[in-house]
Number of protein chains: 2
Amino acid sequence: MAQPRVKRSELSTPPEFAGDPIVWAAWLYYEERMTQEEVAERLGVSRASVVNFLQEARDRNIVTIAVASRHLQSVQIARELSRRYELNSCVVIPQGSDELPIYERIGRAGARLLLDILEPNDVLGVSWGRTVLSLSAELAEAKMPGVTVVQIAGSAIGTKEFSPELCTTNIAYRIGGRCVNLHAPGIVSRPDVKKLFMQETSLVEQFRLIRSCTKVLFGVANLSDASTALRSGYMTPEKIKPYVKRGAIAVMSGRFLDAEGHPVLGALDEQMIGLTLDEIAQIPERICVAGGVEKIPAIRSVLRGGYATILVTDEPTARALVDADD
Amino acid sequence: MAQPRVKRSELSTPPEFAGDPIVWAAWLYYEERMTQEEVAERLGVSRASVVNFLQEARDRNIVTIAVASRHLQSVQIARELSRRYELNSCVVIPQGSDELPIYERIGRAGARLLLDILEPNDVLGVSWGRTVLSLSAELAEAKMPGVTVVQIAGSAIGTKEFSPELCTTNIAYRIGGRCVNLHAPGIVSRPDVKKLFMQETSLVEQFRLIRSCTKVLFGVANLSDASTALRSGYMTPEKIKPYVKRGAIAVMSGRFLDAEGHPVLGALDEQMIGLTLDEIAQIPERICVAGGVEKIPAIRSVLRGGYATILVTDEPTARALVDADD
DNA sequence: ACTCTTGATTGACAATTGTCAAGCGATCTC
DNA sequence: GAGATCGCTTGACAATTGTCAATCAAGAGT
């Protein structure tokens, strides 16, 4: 039954068809449940090659393997969190291998969830940060007709591997939607400079769009430890000092919150270009992706303030949030 | 590090949360790439249980594993078929294990493709048959906003495990769309009975909807061998005799075609309730799911007649169709 | 014509995964 | 309350899968 074994290079294989054995190996293995040995025989290569084909098929997203986010939402601890903080929905990922940093693991769960809840013609506001960037990188490709992705907070300088725009462009590209970036810094030097920027017609239009967001996606940072905001030079310790003095412990989308979830306003707010906390709270569906024990107080603050309708986090953090007494 | 091993039944596990360990096993194994042993340790159960959990997770579609249909379309033989018969797209599945019947394997590929090409607000016409039924059973659950699924050919009596309505209801249920079944037999006893039926307001409305289909899905049957149509009592040998005499070799959606792909009309056409071939040809996107060497002449006839814009078939059949001389 | 480099392929071995019969405990029946 | 039954769990073994260093083919450079 087995065909004679031929090396791939001996077959007349124009380069554009080189994917064939990979696709077929994937089909036979994953859909028809043949063993790798059977696939190898059918394709006329060694089993080791089949292993390589399958690896490449996964890498190139020819096969997709994903845990449906609605099932993560039905996990007990997720339900408890939803009830406690009146969330529309909540995803809790189990404590797993520590090989990947927590924000990548949460980013992946957030990516699955985002695809499940995005609807055609949504306008998705996107803040920026480490977890949001991970989410954008983990997103599977999918066609979501008519979706617009807009940046809701001005940019920081950006390091080699991280620029704020990457969050929006990644997401927009993968879901095949329109991408609208804010062409403005997140913090300008003086309040009057902000006014100048905000009068620019392009920014006026962008803000009109931003205020029509149907969903928004953001992370949360601590003020105490080295967050992306600090490391990226977006904020400096002296700039945030007055906020800390007045009780600020958390930052979301560049804005400050105290432990109770109340906004902490200050001079800097008049220099920031991006949605305010009040404006974010107007958006119907607000997805917060954040986890890790060090962020617990900050996340609690966001939840108490009612700024999130959906939370994606990890198990230890979720337990701490449920156990917290108000 | 390992938690003490506790039996699931010793934990306070209200039945509605019984899925928890299954969901988490799935996440840890498939998303975090832990080994089953690590998962077992983390969950405090034996590895054998993890195997069972993962099995159940797959069965219950908590994890989905699927080969993207657009990659099957890029396979060489599929491109050749597309060029040869001017198809918009073509999916060819490789010859695999013979454990599953050919129509189930093609049904699965068709299911993947359907999800890829369905767009919001589509009106999908669905014929009925063995392969279409398999497709409907293999379809993954997904929300396709605003899609309507309509039956385009009246029903036959239906056997225990197969009723024509199942094709439409399955598809509609899984994509979360509206389901419109034809409440009429596929073949009535006399032409004047058909006229009476067609004047019924409910049928008039249904046919108006059917004629607005944006996509249509159908199989093909041979006339020579025992097709579903014959086995289900929908047609009888004596009824189809006149058609065979005049060259009919294929049936699609209850209507007859000759080897060249030309319609073969006859007395029976005036007793059939359902779309005519001409009406089907008006629909913009026409998906034909059919395979198996015995169906080659019938499929070729459908392709020659230009009744399909998308074909889902298997490799040996595809090769035969490409090699055929016109 | 020879050698070097690159990238795909392979066989042999190690690790992981699937199977299955036996075990265990909860619940039901008489 | 003994015994039967059902469903879930487990340990041990068998089968499958992943790894990796060695090999091979083809093209580039001298």
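All values reported here derive from a predicted model rather than from experimental measurement. So that the names make sense, note that chain A is the first sequence line, chain B the second, and so on, each numbered from 1.
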Can you confirm whether more than 12 heavy atoms, excluding those of A:Arg58, are under 6.0 Å from its CZ atom? yes

For B:Gln55, is the CD atom crowded, meaning more than 12 foreign heavy atoms sit under 6.0 Å from it? yes

Could you tell me whether A:Arg42 and A:Glu38 have a side-chain N and a carboxylate O separated by less than 4.0 Å? no

Cationic N near anionic O, under 4.0 Å, A:Glu315 to A:Arg319: yes

So, does [X] use its side chain to make a donor-acceptor pair with the main chain of [Y] at under 3.5 Å?
X        : Y        : answer
A:Asn61  : A:Ala140 : no
B:Glu31  : A:Val67  : yes
B:Thr317 : B:Gly292 : yes

Distance below 4.0 Å between B:Ser49 side-chain N/O and D:dT10 OP1 or OP2: yes

Enumerate the protein-to-nucleotides 16-18 of chain C contacts in which both atoms are nitrogen or oxygen and the separation is below 3.5 Å.
| residue | atom | partner | partner atom | Å |
| --- | --- | --- | --- | --- |
| C:dT17 | OP1 | B:Tyr29 | OH | 2.8 |
| C:dT17 | OP2 | B:Gln36 | N | 2.8 |
| C:dG18 | OP2 | B:Gln36 | NE2 | 2.5 |
| C:dG18 | N7 | B:Arg47 | NH2 | 3.4 |
| C:dG18 | O6 | B:Arg47 | NH2 | 2.6 |

Without decimals, in angstroms, what is the distance between [X] [atom1] and [N] [atom2]?
X       : N      : atom1 : atom2 : answer
B:Glu38 : C:dA15 : CD    : C1'   : 12 Å
B:Ile22 : D:dG7  : CD1   : C1'   : 13 Å
B:Glu56 : D:dC8  : CD    : C1'   : 11 Å

All side-chain hydrogen bond (donor to acceptor under 3.5 Å, both in side chains) counterparts of B:Ser82, not counting sequence neighbours: none

Report, one pair per line, the protein and nucleotides 21-23 of chain D atoms (nitrogen or oxygen only) whose separation is under 3.5 Å.
none

